[in-house]
Amino acid sequence: MKKYKTFLTLVSLAFFSSNYVSSQEKGELIKPNVIIFYADDLGWQDTELNDLDDPVVWETPNIAKLAKDAVNFTNGYSPAPTCAPSRAALLSGLHPAKTGITNVVGGQIPAPHKSEKYISAYFPEGLSPEHLTIAEALKMNGYKTGHVGKWHAGHLQIQSSKNQGFDFVNESRGAHQGPKGKNNRVNYFATHSKKDPYRLSDEKYYPFTKDSPNGISYPTDEVTESALEFMDKNKQEPFFLYLAHWMVHYPIHTKNRELLQYYTDKLGMEFPTKDIPITTGGQTNPYFGAMVTTLDWSLGRVVDYLKKTDDPRNPGKKLYETTYIFFSSDNGGAEQRRDEIMSDNAPLDKGKKYTQEGGIRVPMLISGPNIVKGKTKDVLINQLDFFPTVLSLTKSEIPEKYRAELDGLDISNVLLDNESDVKYENGKPREELWWHYPFGLNSTQQSAIRSGDFKLYKNYLSGDYLLYRLYKNGKRHDLEEMHNIAKQEPEVVKELSQRLEKYLKDYDAKYPYKDPTRFKDEKHKQQVASIPTIVSDAFDSKSRQVSVVLEEGKNNVIESYALVKISDKATANKKGKKSKVKSTYIKIPVDVADNKLDYTFTVPKEAQEYGLILIDENRFMIKSKFHKLK
């Protein structure tokens with residue numbers, strides 16, 4: 001169990017667990033199983049689910065087969081256009097702007113990138129102990145919980161999956177592990193040798209080719225095998241499996257020679273003999289295609305196990321009949337890395353790291369007991385909806401303090417009753433979703449709101465609003481986001497911008513700040529000359545209190561906080577070699593005197609370093625010296 005858990009949570013855990021046991025004894029409560037199968041960087045156009053315009057080249061028969069028993073949400077969205085914030089949001093049920101986890105590499109002292117004039121706001125590295133995860137929520141209600149694959153929601157021990165509610169954990173990369181040393185992606189393939197850690201299967205699977213009419217073998221994938229192991233060992237009780245696959249994230253490669261050969265043949269290209277980037281456009285990368293189909297194979301293995309295995313708790317039924325499956329991806333497709341072109345999100349604009357449709361619209365299927373089968377719905381769905389929906393489908397209870405914080409909606413009415421609208425508790429239909437990603441290049445530092453047919457962006461550096469109409473009268477209109485109609489639709493811009501601004505204010509969203517060393521033009525000369533100046537910076541070792549004093553007559557400070565560095569304790573293996581110590585910076589509040597010049601804060605005992613961050617009225621960021629402590 002996670003450290004530093006609140007007393008309320010501990011009491012609730014005991015209460016809900018005992019309540020579950022007594023209910024089971026009475027035979028009144030049967031808990032369905034839950035699986036979240038979470039792909040990495042799988043784009044909306046990388047599967048056969050939402051095939052628009054040019055046919056999707058990659059083959060995903062198991063995903064297509066699951067869709068026949070599921071609801072396919074064509075307007076399914078991730079909470080963010082990058083990995084870590086989406087994962088933290090899915091696990092906690094909280095919007096990235098609320099947790100502050102809005103990008104990938106957090107927990108650092110803010111600094112400008114390259115030649116950029118703006119500094120991204122501080123954001124935490126991962127989930128902190130006070131956040132209740134979906135695993136902890138289900139564990140409260142009698143579930144066995146397992147996580148296999150990628151975590152990326154904090155690397156300190158207190159942030160690890162083992163301390164976030166999971167009973168079983170295996171975070172191996174499995175077959176996604178890239179070649180090392182002399183090995184590369186054209187000479188390192190799995191074999192049938194018993195000594196091969198990625199030994200090819202004796203069983204045969206899709207695709208069925210002229211040379212292999214009965215199917216081909218697949219390399220052993222520890223991610224998939226661990227998932228099967230967890231389910232098999234825990235099927236006597238209700239289980240929750242968070243299968244967060246590493247595929248189809250970079251590095252782009254495959255250990256399956258036959259599958260790579262299949263895609264090179266399909267694409268009409270020679271089997272590669274040199275490890276060089278694939279630079280042709282569109283969906284023409286055979287390595288990437290092999291990864292997509294391997295991901296599909298992994299899902300097929302999980303579904304096949306459920307279909308073949310009896311449910312001990314529900315005589316006469318297979319596990320497939322008593323298990324909810326949520327299938328999706330952490331963000332839109334990554335189209336290119338350096339020179340390598342991986343895939344193509346067209347007709348959607350952009351991809352990973354962008355709040356455009358290609359960066360946040362993702363494949364999404366939900367199947368399970370009593371869910372309508374083979375339906376396609378265009379209602380707006382966000383992965384934030386998974387948490388409250390799972391609670392509803394499993395009839396699970398959590399303390400009200402956590403339930404009230406959830407940012408998603410229960411969509412069980414759409415799943416079970418075939419309704420067309422996701423509704424708030426007051427019965428009003430949901431009309432919009434929003435995103436906050438103030439990072440990257442000038443054009444990517446944006447927030448966005450999708451409302452009905454329209455999508456509006458706020459660009460932080462230019463201050464402009466951009467408006468696109470994706471659909472018109474229920475039909476596709478400008479899904480490519482090619483035509484900015486902000487000038488033609490001022491009333492729509494006004495309405496949506498007001499809604500977006502309210503979200504940003506209510507969630508205390510953070511924006512990019514100016515770096516005073518990079519604004520040397522005449523327009524900003526006076527502002528830079530008047531930035532706050534620190535005249536005193538003292539630390540009392542007994543009280544551990546820091547006192548910082550600013551010079552009078554400078555710009556007003558509108559925001560302030562301290563950052564302190566904390567680390568795991570060093571551990572040693574059997575040979576005495578110490579592991580690399582993992583560290584992060586966390587944010588702590590600052591007390592500000594009435595004169596707005598005196599700032600104080602107390603440094604925690606476990607901290608090894610501290611410093612103060614100030615933001616002035618012109619949005620310039622000022623950093624004190626960061627002091628290391630013994």
Open item on the list: One thing to verify: whether D40 and K150 come together as a salt bridge, which I'm taking to mean a side-chain N less than 4.0 angstrom from a carboxylate O.
Closed with: yes
Task: Set of residues satisfying ring-ring contact (aromatic ring centres under 6.0 Å, His included) with respect to F73, sequence neighbours excluded - done: none
Task: Donor + acceptor pair across side chains of D46, S343 (<3.5 Å) - done: yes
Task: Inter-residue atom distance E48.CD - T60.OG1, 0.5 Å rounding - done: 3.5 Å
Open item on the list: Using only atom types and a distance under 3.5 Å, with no angle test, would you say the side chain of Q283 pairs donor to acceptor with the backbone of V56?
Closed with: no
TODO: Take E237 and R313, measure what salt bridge (charged side-chain N to carboxylate O under 4.0 Å, His left out) needs, and give me the verdict at the end.
DONE: CA-CA 7 Å; E237 302 177 65; R313 298 182 298 109; over 6 Å; no
Open item on the list: To the closest 0.5 Å, what do you measure between CZ (F230) and CG (N234)?
Closed with: 4.5 Å
Task: All side-chain hydrogen bond (donor to acceptor under 3.5 Å, both in side chains) counterparts of Q159, not counting sequence neighbours - done: none
Task: Rounded distance (nearest 0.5 Å) linking atom NZ of K317 with atom OG1 of T309 - done: 15.5 Å
TODO: First locate atom CD1 of I134, then atom CG of L91, and finally report the distance between them rounded to the nearest 0.5 Å.
DONE: 8.0 Å
- [ ] Fit a plane to each ring of F166 and H147, take the angle between them on a 0 to 90° scale, and name the class: parallel (under 30°), tilted (30 to 60°) or perpendicular (over 60°).
- [x] tilted
Task: Distance, nearest 0.5 Å, that separates CG of L384 from CG of D407 - done: 6.0 Å
Task: Inter- and intrachain pairs under salt bridge (Lys or Arg N to Asp or Glu O under 4.0 Å), touching residues 200-227, at least two apart - done: E225-R301
- [ ] With the side chain counted from C-beta on, respond yes when L267 and T264 share a heavy-atom pair under 4.5 Å apart, and no when they do not.
- [x] no
- [ ] Would you check if there is a donor-acceptor pair between the side chains of T389 and S412 at a distance under 3.5 Å?
- [x] no
- [ ] Decide yes or no for D196 and T191: does some side-chain heavy atom of the first lie under 4.5 Å from some side-chain heavy atom of the second?
- [x] yes
Which pairs of donor and acceptor atoms, one on a side chain in residues 370-381, lie under 3.5 Å apart (sequence neighbours left out)?
{"residue": "K377", "atom": "NZ", "partner": "N418", "partner atom": "OD1", "Å": "2.8"}
{"residue": "K377", "atom": "NZ", "partner": "E419", "partner atom": "O", "Å": "3.4"}

TODO: Would you confirm whether T220, through its side chain, and R199, through its main-chain N or O, come within 3.5 Å as a donor-acceptor pair?
DONE: yes
Task: Nearest-0.5 Å distance, CG of residue L243 to CD1 of residue I36 - done: 10.5 Å
- [ ] Please list all pairs passing the salt bridge (Lys or Arg N to Asp or Glu O under 4.0 Å) test where one or both residues lie in residues 361-371, with sequence neighbours left out.
- [x] E357-R361
Task: Partners passing ring-ring contact (aromatic ring centres under 6.0 Å, His included) against F288 (at least two apart in sequence or in another chain) - done: W58
TODO: Could you give me the CA-CA distance, side-chain angles and deciding distance for K318 and D310, then say whether salt bridge (charged side-chain N to carboxylate O under 4.0 Å, His left out) is met?
DONE: CA-CA 4 Å; K318 300 295 184 182; D310 292 330; 2.7 Å; yes
- [ ] Ignoring hydrogens and angles, state whether a donor on the side chain of T99 or H131 is under 3.5 Å from an acceptor on the partner side chain.
- [x] no
TODO: Please lay out, stage by stage, how M364 and N75 fare under the test side chain to side chain contact (heavy atoms under 4.5 Å, CB included).
DONE: CA-CA 8 Å; M364 187 180 293; N75 284 273; over 6 Å; no
Open item on the list: Among residues at least two apart in sequence or on other chains, which ones pass ring-ring contact (aromatic ring centres under 6.0 Å, His included) with F208?
Closed with: Y206
Open item on the list: Would R450 pass as a cation-pi partner of Y77, given that its NZ or CZ must be under 6.0 Å from the six-membered ring centre and within 45 degrees of the axis?
Closed with: no
Open item on the list: Would you say the rings of F240 and Y143 are close, in the sense that their centroids are separated by under 6.0 Å?
Closed with: no
TODO: Compare all side-chain heavy atoms of I216 with those of Y218 and state whether any distance is below 4.5 angstrom.
DONE: yes
Task: Mutual orientation of the aromatic rings belonging to F271 and F189 [parallel < 30°, tilted 30-60°, perpendicular > 60°] - done: tilted
Task: Minimum side-chain heavy-atom gap L132-S92 below 4.5 Å - done: no
- [ ] Provide the full list of salt bridge (Lys or Arg N to Asp or Glu O under 4.0 Å) pairs with a residue in residues 52-62, sequence neighbours left out, each pair given once.
- [x] D53-R476, E59-K266
Task: Contacts of type side-chain hydrogen bond (donor to acceptor under 3.5 Å, both in side chains), residue K353, not counting sequence neighbours - done: none
Name every donor-acceptor pair, under 3.5 Å, that has one atom in a side chain of residues 61-69 and the other anywhere in the protein, sequence neighbours excluded.
{"residue": "N62", "atom": "ND2", "partner": "D296", "partner atom": "O", "Å": "3.2"}
{"residue": "N62", "atom": "ND2", "partner": "D296", "partner atom": "OD2", "Å": "2.8"}
{"residue": "D69", "atom": "OD2", "partner": "Y320", "partner atom": "OH", "Å": "2.8"}

Open item on the list: For a 4.5 angstrom cut-off between non-hydrogen side-chain atoms, does Y305 reach D232?
Closed with: yes
Open item on the list: Is the shortest side-chain heavy-atom distance between V57 and Q45 below 4.5 Å?
Closed with: no
Task: D410 and S392: side chain donor to acceptor below 3.5 Å - done: yes
TODO: Look at the side chain of D344 and the backbone N and O of E335, then say whether any donor-acceptor pair between them is shorter than 3.5 Å.
DONE: no
Task: No-hydrogen, no-angle side-chain donor-acceptor test under 3.5 Å, S86 and Q383 - done: no
TODO: Tell me yes or no: between the side chains of N285 and E340, is some donor less than 3.5 Å from an acceptor?
DONE: yes
Open item on the list: For F327, give me all partners under ring-ring contact (aromatic ring centres under 6.0 Å, His included), at least two apart in sequence or on another chain.
Closed with: F37
Open item on the list: Would the distance check show the side chain of T133 and the main-chain N or O of Q164 forming a donor-acceptor pair, the cut-off being under 3.5 Å?
Closed with: yes
- [ ] Using the salt bridge (Lys or Arg N to Asp or Glu O under 4.0 Å) rule, collect all pairs that involve residues 320-334, keeping only residues at least two apart or in two chains.
- [x] R87-D330
TODO: Please say whether the positively charged group of R403, taken as NZ for Lys or CZ for Arg, lies over the ring of F387, i.e. under 6.0 angstrom from the six-membered ring centre and within 45 degrees of the axis.
DONE: no
Task: Non-hydrogen side-chain atoms of M291 and H249 separated by less than 4.5 Å - done: no
Open item on the list: Any non-hydrogen side-chain atom of H176 less than 4.5 Å from a side-chain atom of P251?
Closed with: yes
TODO: Say whether, by atom type as modelled, one donor and one acceptor occur between the side chain of K352 and the main chain of C83 under 3.5 angstrom.
DONE: no
Task: Audit row: T82, N331, side chain to side chain donor-acceptor pair (under 3.5 Å) steps and yes/no - done: CA-CA 6 Å; T82 52; N331 46 250; 5.8 Å; no
